[in-house]
Amino acid sequence: MDRQTDMTDEYQKAKKMSIIAVILIIFAFSCLIVPALTQYYDEFNTVLLPVIVIGFFGGNIVALILIGKAYPALLASDCMRMDERYEKREPVQILLPAQELLVQMFVNHKFKYMEEGYYRRKIFSFLKDSVCYYVRMTEDVEAQNALRREVERLYQAGKKDKNLCMLLFVYMDEVGEREKKDIKELGKQNIVVESVVNPNISLTVLVIAVDRRDNKGYYMEIGRHGRMTLYWYGCRMLRKMFGPDIIT
């Protein structure tokens, strides 16, 4: 509770600094109007010019300092709110075909096999110019291990591309509560980073934990607010291919 209170206080201070910064910017640029209003009158003289220059540059400099001080608290607050929003959600369950059939489905959707073990397809997008989808199927006991390993490989495989979105299917002997919690945390991290911290990120990974026993997959779905993100593109691709089989 104390941490929550401290965060709230910091946010309120940052909000006030941001408001003051906006006022200062407006004041600074209004100083430029003075020469336009006085250049045809005798009132404009060498005394007024330094005041205008100091007002313009001084106001903007102080505003930038305030914005710089306020930004970390505002960013942390936005991250916390986004995290809380997704903390209330649970991973989506999706019924997948057997792994061999799953591979064939991606091939049928024009994904091409690469020597590195990925299936790749580049799709035009009005919002992102284009999105390069990479599909990878692997095995591990922990989704975090698989994510770390495959991201390093993807950087090498897709270094010539931009706007990379990888669908990482991690096959496990069993997907229990612990594994679902891990998927939830990984999903939240990816969503928060791309939605708040770095909207211009060029690579994201949507992790799907697959239970071998029943071929049910689990992943974190993004909300409507994330339509500009690569993570949203990954969720949309899953819905496009397996939408009718999503378990509600």
What residues, two or more places apart in sequence or in another chain, satisfy side-chain hydrogen bond (donor to acceptor under 3.5 Å, both in side chains) together with [X]?
{"X": "Asn163", "value": "none"}
{"X": "Arg178", "value": "none"}
{"X": "Asn108", "value": "Gln104"}
{"X": "Asp182", "value": "none"}

Run the numbers on Thr138 and Arg149 for side chain to side chain contact (heavy atoms under 4.5 Å, CB included), then give the verdict. CA-CA 10 Å; Thr138 187; Arg149 180 180 66 248; 3.1 Å; yes
Using every non-hydrogen atom in the two residues, find where [X] and [Y] come nearest and quote the distance to one decimal.
{"X": "Tyr218", "Y": "Pro91", "answer": "CB-CB, 4.3 Å"}
{"X": "Asn215", "Y": "Pro97", "answer": "CG-O, 4.0 Å"}
{"X": "Ile201", "Y": "Leu230", "answer": "O-CD1, 3.6 Å"}
{"X": "Tyr219", "Y": "Cys235", "answer": "CE1-SG, 4.0 Å"}
{"X": "Ala146", "Y": "Asp140", "answer": "N-OD2, 3.6 Å"}

Taking atom [atom1] of [X] and atom [atom2] of [Y], what is their separation to the nearest 0.5 Å?
{"X": "Thr229", "Y": "Ile222", "atom1": "OG1", "atom2": "CD1", "value": "3.5 Å"}
{"X": "Ile183", "Y": "Glu90", "atom1": "CD1", "atom2": "CD", "value": "12.5 Å"}
{"X": "His109", "Y": "Met241", "atom1": "NE2", "atom2": "CE", "value": "4.5 Å"}
{"X": "Thr204", "Y": "Leu164", "atom1": "OG1", "atom2": "CG", "value": "10.0 Å"}
{"X": "Met137", "Y": "Gln99", "atom1": "CE", "atom2": "CD", "value": "6.5 Å"}
{"X": "Arg236", "Y": "Ile123", "atom1": "CZ", "atom2": "CD1", "value": "7.5 Å"}

Excluding sequence neighbours, so at least two apart, what forms salt bridge (Lys or Arg N to Asp or Glu O under 4.0 Å) with [X]?
{"X": "Asp173", "value": "Arg212"}
{"X": "Glu116", "value": "none"}
{"X": "Glu150", "value": "Arg136, Arg153"}

Side chain to side chain, [X] and [Y], heavy atoms closer than 4.5 Å:
{"X": "Lys181", "Y": "Glu177", "answer": "no"}
{"X": "Glu174", "Y": "Asp211", "answer": "yes"}
{"X": "Glu194", "Y": "Trp232", "answer": "no"}

Residue pair Met220, Leu186: steps toward the side chain to side chain contact (heavy atoms under 4.5 Å, CB included) verdict: CA-CA 8 Å; Met220 282 298 289; Leu186 290 176; over 6 Å; no
Got a sec, which residues hit side chain to side chain contact (heavy atoms under 4.5 Å, CB included) with [X], two or more places apart in sequence or on another chain?
{"X": "Lys122", "value": "Arg120, Ser130, Cys132"}
{"X": "Val151", "value": "Leu147, Tyr155, Val205"}
{"X": "Ile23", "value": "Ile19"}

Going by chain and number, the hydrophobic cluster around Ile26 (ILVMFWY, side chain to side chain under 4.5 Å) further includes Val22
Please answer: with hydrophobic residues joined when any side-chain heavy atoms are less than 4.5 Å apart, are [X] and [Y] in the same cluster?
{"X": "Val175", "Y": "Val141", "answer": "no"}
{"X": "Tyr113", "Y": "Met237", "answer": "yes"}
{"X": "Met114", "Y": "Met166", "answer": "yes"}
{"X": "Leu64", "Y": "Val62", "answer": "no"}

Derivation and outcome, side chain to side chain contact (heavy atoms under 4.5 Å, CB included), residues Leu154 and Tyr118: CA-CA 9 Å; Leu154 183 60; Tyr118 297 100; 4.0 Å; yes
Residues at least two apart in sequence or cross-chain that pass ring-ring contact (aromatic ring centres under 6.0 Å, His included) with Phe106, listed by chain then number, are Phe111, Phe169
As a quick check of understanding, evaluate side chain to side chain contact (heavy atoms under 4.5 Å, CB included) for Phe242 and Leu95, giving each step before the final call. CA-CA 8 Å; Phe242 311 107; Leu95 184 60; over 6 Å; no
Whether Lys184 side chain and Arg89 backbone form a donor-acceptor pair below 3.5 Å: yes
Under-4.0 Å salt bridge between Arg239 and Glu221: yes
